[in-house]
Amino acid sequence: MRRVTRFLFRVILILLLWSVGGVMLYKYVPVPVTPLMVRKAVSAALEGKPTTFHHTWVPMEKISPHLVSAVIASEDQRFYQHKGFDWKEIGNAIEERQSGKRQRGGSTISQQTAKNVFTFCTATWARKGIETYYTLLIEWLWPKERILEVYLNSIEMGPAIYGAEAVAQQHFGKPATKLTRSECALIAATLPNPIRYSSKNPSNYMRRRQSAILKQMQHF
């Protein structure tokens, strides 16, 4: 029994040091590739599709400040107030699910960053537990500005397109620093489902979402 206990303790200690070390590394070092990028590239390869993806890391000063305002307005309006979890939005999402209304997510920018950078994004309770753990870690070890920087460089913004610089180049033919307020609102409008919705060829629904986000951006 003692051997088993010692073994489990060592495993837990190794996992703890590994996770904290990884979070500390990415506090300072650009994230070159995420598990989501790898998973989707592997899936594409298995289906006989191209495995290339677009992703170029840029520092925060090379991302339009309008995009920061847009994603906060559309994805996480209490980003600077919460500690990783927006309990009000989580409660609203649970109530809507129970009432049979159209379901929406209650994930914060911090949770999405943890999911994209540190998990393989499969819809399981184990993944949710890992996501929760890493959300707490990055909120504890990273400043809010770093969370935003990693989020804006890592999140999927179109098919095989990850991050602000990639979507700016692929959809608007310009660097991320040159994105306009309107373009940033359109990019943010795709984030609930960047595979279904496109900032390059927006539908009327996307234009309505863009307009709503532009109004909300006035507060951020």
Side-chain angles (χ1 to χ4, degrees), residues 5-39 55-65 67-94 104-157 162-165 176 188 191-192 194 216 219-220:
T5 302
R6 285 198 298 269
F7 173 76
L8 291 176
F9 175 77
R10 288 174 182 172
V11 169
I12 293 172
L13 182 60
I14 291 170
L15 291 175
L16 180 63
L17 293 174
W18 175 270
S19 59
V20 173
V23 170
M24 285 302 297
L25 177 66
Y26 284 152
K27 181 178 180 178
Y28 305 102
V29 177
V31 180
V33 66
T34 68
L36 176 62
M37 297 175 197
V38 173
R39 182 173 66 84
H55 174 243
T56 302
W57 178 281
V58 291
M60 197 63 146
E61 57 266 25
K62 292 189 177 181
I63 298 175
S64 170
L67 190 56
V68 175
S69 299
V71 298
I72 290 176
S74 65
E75 295 292 292
D76 189 357
Q77 294 191 0
R78 283 177 285 274
F79 174 70
Y80 286 107
Q81 284 74 52
H82 65 64
K83 299 297 183 182
F85 305 93
D86 189 333
W87 299 109
K88 183 176 181 179
E89 282 300 313
I90 291 172
N92 290 338
I94 293 173
R104 61 170 172 171
S107 294
T108 64
I109 285 174
S110 302
Q111 288 175 274
Q112 292 179 55
T113 303
K115 178 181 71 174
N116 289 333
V117 177
F118 297 106
T119 80
F120 275 91
C121 306
T122 54
T124 65
W125 285 107
R127 190 273 294 168
K128 198 66 179 177
I130 295 171
E131 175 194 314
T132 299
Y133 170 69
Y134 274 104
T135 299
L136 293 171
L137 270 186
I138 64 175
E139 279 281 345
W140 177 39
L141 297 173
W142 294 358
K144 288 286 190 177
E145 289 73 18
R146 181 58 176 177
I147 294 174
L148 270 175
E149 185 176 45
V150 174
Y151 173 82
L152 290 172
N153 273 286
S154 303
I155 193 167
E156 191 172 26
M157 293 182 170
Y162 301 90
E165 183 68 16
L191 295 184
Q216 290 294 320
H219 306 293
F220 301 96

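The residues of the chain are indexed from 1 along the displayed sequence.
Judged as a side-chain contact (heavy atoms from CB on, under 4.5 Å), and not counting sequence neighbours, the contacts of Arg6 are Arg2, Arg3. Applying the side-chain hydrogen bond (donor to acceptor under 3.5 Å, both in side chains) rule to Ser19 yields the partners Tyr133; only residues at least two apart in sequence or on another chain are considered. Residues that satisfy the ring pair (Phe, Tyr, Trp, His ring centres under 6.0 Å) test with Tyr151, not counting sequence neighbours, are absent from this structure. Contacts of Ile130 classified as side-chain contact (heavy atoms from CB on, under 4.5 Å), with partners at least two apart in sequence or in another chain: Thr119, Tyr134. Applying the ring pair (Phe, Tyr, Trp, His ring centres under 6.0 Å) rule to Phe85 yields the partners Trp87; only residues at least two apart in sequence or on another chain are considered. Residues passing the side-chain contact (heavy atoms from CB on, under 4.5 Å) test with Pro192 are Glu75, Arg209, sequence neighbours excluded. Remark: Pro143 engages Lys27, Glu145, Arg146 in a side-chain contact (heavy atoms from CB on, under 4.5 Å) (not counting sequence neighbours). Shown here are the side-chain hydrogen bond (donor to acceptor under 3.5 Å, both in side chains) partners of Lys144, two or more places apart in sequence or in another chain: Glu139.
Within the model, atoms CD1 of Ile147 and CD of Gln111 stand 11.0 Å from one another, a figure rounded to the nearest 0.5 Å. The line from CG of Leu137 to OG of Ser110 is 12.0 Å long, rounded to the nearest 0.5 Å.
Put simply, the side chain of Asp76 reaches to within 4.5 Å of the side chain of His82, judged on heavy atoms. Annotation: side chain of Gln77 is not in contact with side chain of Asp86 (no heavy-atom distance under 4.5 Å). Here the side chains of Phe118 and Ile138 are in contact, with some heavy-atom distance below 4.5 Å. Considering only heavy atoms from C-beta on, Glu149 comes within 4.5 Å of Trp57 through its side chain.
Checked against Leu67 for a side-chain contact (heavy atoms from CB on, under 4.5 Å), the options Ile72, Leu152, Leu148 give a single hit: Leu152.
Here the shortest heavy-atom pairing between Lys62 and Glu165 reads O-OE1, 4.5 Å. Annotation for Ser107 and Lys128: closest pair OG-NZ, 4.0 Å, computed over non-hydrogen atoms. Across all their heavy atoms, Thr108 and Gly84 have their closest contact at OG1-O, 2.7 Å.
Panel note: side chain Asn153, backbone Val58; a donor-acceptor pair is recorded below 3.5 Å. Remark: side-chain polar atoms of Asn116 are not paired, donor with acceptor, to backbone N or O of Ser154 under 3.5 angstrom.
The ring-ring contact (aromatic ring centres under 6.0 Å, His included) contacts involving residues 12-37 comprise nothing, where partners must be two or more places apart or lie in separate chains.
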